[in-house]
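Right, one structure below, let's go through it.
We're numbering straight along the sequence, starting at 1.
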Amino acid sequence: MNTINSVSPRDREILRSLARRKMELAQDPVNQERREAWLRHDEGGEKSRPMVLIEIGGVQDKIRNCNSSIVLQCEGEWARSMESGFRYQFYVYDVIRDDNVIEPSLTINWDVKVSNYGVEPVQHRAENYDGFGARRWDPPIKDIDKDFSKLHPRTYSADREATLTRKKQLEDIFGGIIPVEIRGGFWWTAGLTNPLIDLIGLENLMLYMFDDPQGLHRMMAFLRDDQIAFAQWLEKENLLTLNNANDYIGSGSMGYSRRLPQAGRKPGDPVRLKDLWVLSESQETVGVGPDQFEEFIFPYQLSVAEKFGLCYYGCCEPVHNRWHILKKIPNLARVSVSPWADEEFMAREMGRKYVYSRKPNPSQISTGNFDETAIRADIRKTLTVARDCRVELIMKDVHTVNNEPERLARWVQLAREVIAETE
């Protein structure tokens with residue numbers, strides 16, 4: 001076992017050789033074309049092309065078990081973790097060949113600690129729970145009026161010394177080969193309903209809309225104010241970093257944009273909230289009607305989203321029945337068109353004003369039968385109905401590939417073939 005500050009000479013040289021390859025790939029013409037394509041995609045010009053991505057995070061163990069290129073050579077625990085990151089990135093580039101981009105840097109994030117809200121739900125999981133299975137929990141707020149006093153705004157702190165020490169340690173290993181940058185985010189979504197159901201439960205979220213509407217508004221206002229306070233603290237403490245390049249934004253997309261940072265910021269200036277992408281979504285209210293969503297959820301999401309530069313909305317929930325509400329977001333730029341969305345309706349409504357972020361159903365590559373004809377038909381339908389849109393095809397939430405990881409690369413190849421046929 002080793003740590004970042006006790007890497008053996010052998011492990012050090014392996015990691016440095018991997019860093020050299022990363023720098024080489026970052027300059028590869030194919031990689032540079034992808035980067036420019038993402039920028040054109042965001043701008044919406046006539047020369048933009050459909051972008052293709054596939055997420056492999058949920059099946060990395062399957063890939064490693066079936067692919068010799070992911071054999072780790074380092075011996076130390078920390079070094080093996082670092083090596084794994086390099087090798088999976090190279091696997092995506094060499095084998096998957098989607099539109100992921102390799103940037104010429106290593107990144108770490110500021111070490112920021114955030115408290116809970118004063119209460120903690122009790123989680124119940126199956127014995128073989130691996131992070132993806134079912135779970136249930138006991139919400140700590142069982143009666144909003146009686147239990148609200150248990151809540152308090154979150155507190156946060158930043159350990160700058162620890163972050164800078166870690167950065168220096170990485171520079172000692174990779175110095176002269178690849179730069180180390182501080183870059184990263186502090187939440188996945190600012191949609192608010194995820195922490196809400198942790199606090200009150202999913203069933204109560206819907207029941208309170210009728211049984212205790214004022215209490216539910218009180219909870220949403222509390223979470224809105226807390227989310228804004230945290231974001232503004234990060235801004236004031238100069239802990240925000242840009243997410244306008246190879247940064248995970250929305251529910252699967254990449255942040256490449258020339259529209260961020262916004263005008264008025266010079267290189268080296270502190271990053272402002274208005275210089276960033278933000279994701280908002282509400283998968284938890286998929287069973288809620290548009291009127292209830294507009295009354296109880298959207299106003300609070302809007303207050304958060306409008307403080308940022310650009311907003312990506314949605315994840316797995318079909319948003320077509322609340323589109324008339326969501327399009328009021330002034331900085332809305334990309335919208336998730338999930339497997340359960342009305343594709344034709346969303347295409348007509350979105351046009352080229354927003355990015356049509358299509359998520360094909362992952363069952364296409366996860367079940368026993370890998371039906372290439374059906375996959376082609378599905379992609380062709382999307383490209384046909386959204387022919388006047390800026391389309392990105394993102395295969396996400398893949399957690400099994402029937403022990404055939406080669407399906408991942410084949411899906412990308414099929415997508416590219418259908419794109420070429422429909423141009």
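Remark: the E181 side chain and the T107 side chain contain no N/O donor-acceptor pair separated by less than 3.5 Å. In the model, S84 has no side-chain atom that pairs as donor or acceptor with a side-chain atom of S81 under 3.5 Å. Of the N and O atoms on the side chains of T382 and E343, at least one donor lies less than 3.5 Å from an acceptor on the other residue. Between the side chains of Q301 and Y313, at least one donor N or O sits under 3.5 Å from an acceptor N or O. Counted by atom type alone, S338 and R358 present zero donor-acceptor pairs between their side chains at under 3.5 Å. Judged by distance alone, the side chains of N331 and E306 never bring a donor and an acceptor atom under 3.5 Å apart. Remark: the Y256 side chain and the D247 side chain contain no N/O donor-acceptor pair separated by less than 3.5 Å. Under the 3.5 Å distance criterion, with hydrogens and angles disregarded, no donor-acceptor pair is assigned to the side chains of W137 and Q123. A donor and an acceptor atom, one from each side chain of S253 and R334, are located under 3.5 Å apart. Looking only at atom types and distance, the side chain of S251 has a donor-acceptor partner in the side chain of K359 under 3.5 Å away. Defined by atom type and a distance below 3.5 Å, a donor-acceptor pair is present between the side-chain atoms of E55 and Y248.
In terms of modelled atom types and a separation under 3.5 Å, the side chain of D138 and the main chain of V122 share no donor-acceptor contact. Looking only at distances, no side-chain donor or acceptor of R154 sits under 3.5 Å from a matching main-chain atom of G118. Judged purely by atom type and a 3.5 angstrom limit, S366 uses its side chain to pair as donor or acceptor with the backbone of T400. Judged purely by atom type and a 3.5 angstrom limit, N204 uses its side chain to pair as donor or acceptor with the backbone of I200. For N244 (side chain) and L260 (main-chain N/O), a donor-acceptor pair under 3.5 Å exists by modelled atom type. The backbone N or O of A162 lies less than 3.5 Å from a partner atom in the side chain of D159, making a donor-acceptor pair. Side-chain N or O atoms of Q73 include none that pairs as donor or acceptor with a backbone N or O of V71 at under 3.5 Å. Looking at Q32, its side chain does come within 3.5 Å of a backbone N or O of Q27 through a donor-acceptor pair. Judged purely by atom type and a 3.5 angstrom limit, R390 uses its side chain to pair as donor or acceptor with the backbone of R352. When atom types are taken as modelled, the side chain of Q262 and the backbone of K274 share a donor-acceptor pair closer than 3.5 angstrom.
Between F293 and F298, the two ring planes are tilted [angle within 30° to 60°].
Between Y117 and P195, the shortest heavy-atom distance links the atoms OH-CB, 3.8 Å. The two residues L302 and P330 come nearest to each other via the heavy atoms CD1-CD, 3.8 Å.
Here the straight-line distance linking atom CD1 of I329 with atom OH of Y312 works out to 12.5 Å at 0.5 Å rounding. Taken from CG in L39 to CE in M254, the straight-line distance is 10.5 Å, to the nearest 0.5 Å. Here the straight-line distance linking atom CG of L383 with atom OG1 of T422 works out to 4.5 Å at 0.5 Å rounding. For the atom pair CG of N243 and CG of L276, the computed distance is 5.0 Å after rounding to the nearest 0.5 Å. To the nearest 0.5 Å, atoms CG (D275) and CZ (F308) are separated by 11.0 Å. The line from CG of L15 to CH2 of W78 is 6.0 Å long, rounded to the nearest 0.5 Å.
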**Message:** Go through it in stages, so that I can follow the logic: the residues are R416 and D99, the test is salt bridge (charged side-chain N to carboxylate O under 4.0 Å, His left out), and I'd like the CA-CA distance, side-chain angles, deciding distance and then a yes or no.
**Reply:** CA-CA 11 Å; R416 294 211 187 282; D99 284 315; 3.2 Å; yes
**Asked** Are K22 and E83 close enough, and set up right, to give a salt bridge (charged side-chain N to carboxylate O under 4.0 Å, His left out), and what steps lead you there?
**Response** CA-CA 12 Å; K22 178 171 181 175; E83 179 188 7; over 6 Å; no
**Request:** List the steps, then state whether salt bridge (charged side-chain N to carboxylate O under 4.0 Å, His left out) holds for D42 with R259.
**Result:** CA-CA 8 Å; D42 182 70; R259 294 183 287 169; 2.9 Å; yes
**Derivation and outcome, salt bridge (charged side-chain N to carboxylate O under 4.0 Å, His left out), residues R16 and D11** = CA-CA 9 Å; R16 286 174 65 83; D11 286 358; over 6 Å; no
**Asked** Does the pair R410 and Q413 meet the rule for a side chain to side chain donor-acceptor pair (under 3.5 Å), with working shown?
**Response** CA-CA 5 Å; R410 183 57 181 158; Q413 184 180 1; 3.0 Å; yes
**Message:** Applying side chain to side chain donor-acceptor pair (under 3.5 Å) to S105 and R183, what does each step give before you reach the verdict?
**Reply:** CA-CA 10 Å; S105 64; R183 189 181 184 102; over 6 Å; no
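E13 has a carboxylate O that lies under 4.0 Å from a charged side-chain N of R20, or vice versa, which qualifies the two as a salt bridge. One finds a salt bridge joining R160 and E237 here, because a Lys/Arg side-chain nitrogen approaches an Asp/Glu carboxylate oxygen to under 4.0 Å. One finds a salt bridge joining D147 and K150 here, because a Lys/Arg side-chain nitrogen approaches an Asp/Glu carboxylate oxygen to under 4.0 Å. The residues E103 and R34 are annotated as not salt-bridged, no charged nitrogen and carboxylate oxygen being separated by less than 4.0 angstrom. Residues K167 and E171 are paired through a salt bridge, judged by an N-O separation under 4.0 Å between the basic side chain and the carboxylate. In this structure, E235 does not pair ionically with R272, as no charged nitrogen and carboxylate oxygen lie closer than 4.0 Å.
Only one option out of P50, C389, S336 pairs with Y356 in a side-chain contact (heavy atoms from CB on, under 4.5 Å); it is C389. None of N31, D98, N100 except one satisfies the side-chain contact (heavy atoms from CB on, under 4.5 Å) rule with Y93; the exception is N31.
Between W38 and H41, the gap from one ring centroid to the other is short of 6.0 Å. Aromatic ring centres of Y156 and W233 lie closer together than 6.0 Å.
The 12-atom threshold is exceeded at CZ of R21, counting heavy atoms of other residues, nucleotides or ligands nearer than 6.0 Å. Within a 6.0 Å sphere centred on NZ of K142, heavy atoms belonging to other residues, nucleotides or ligands number more than 12.
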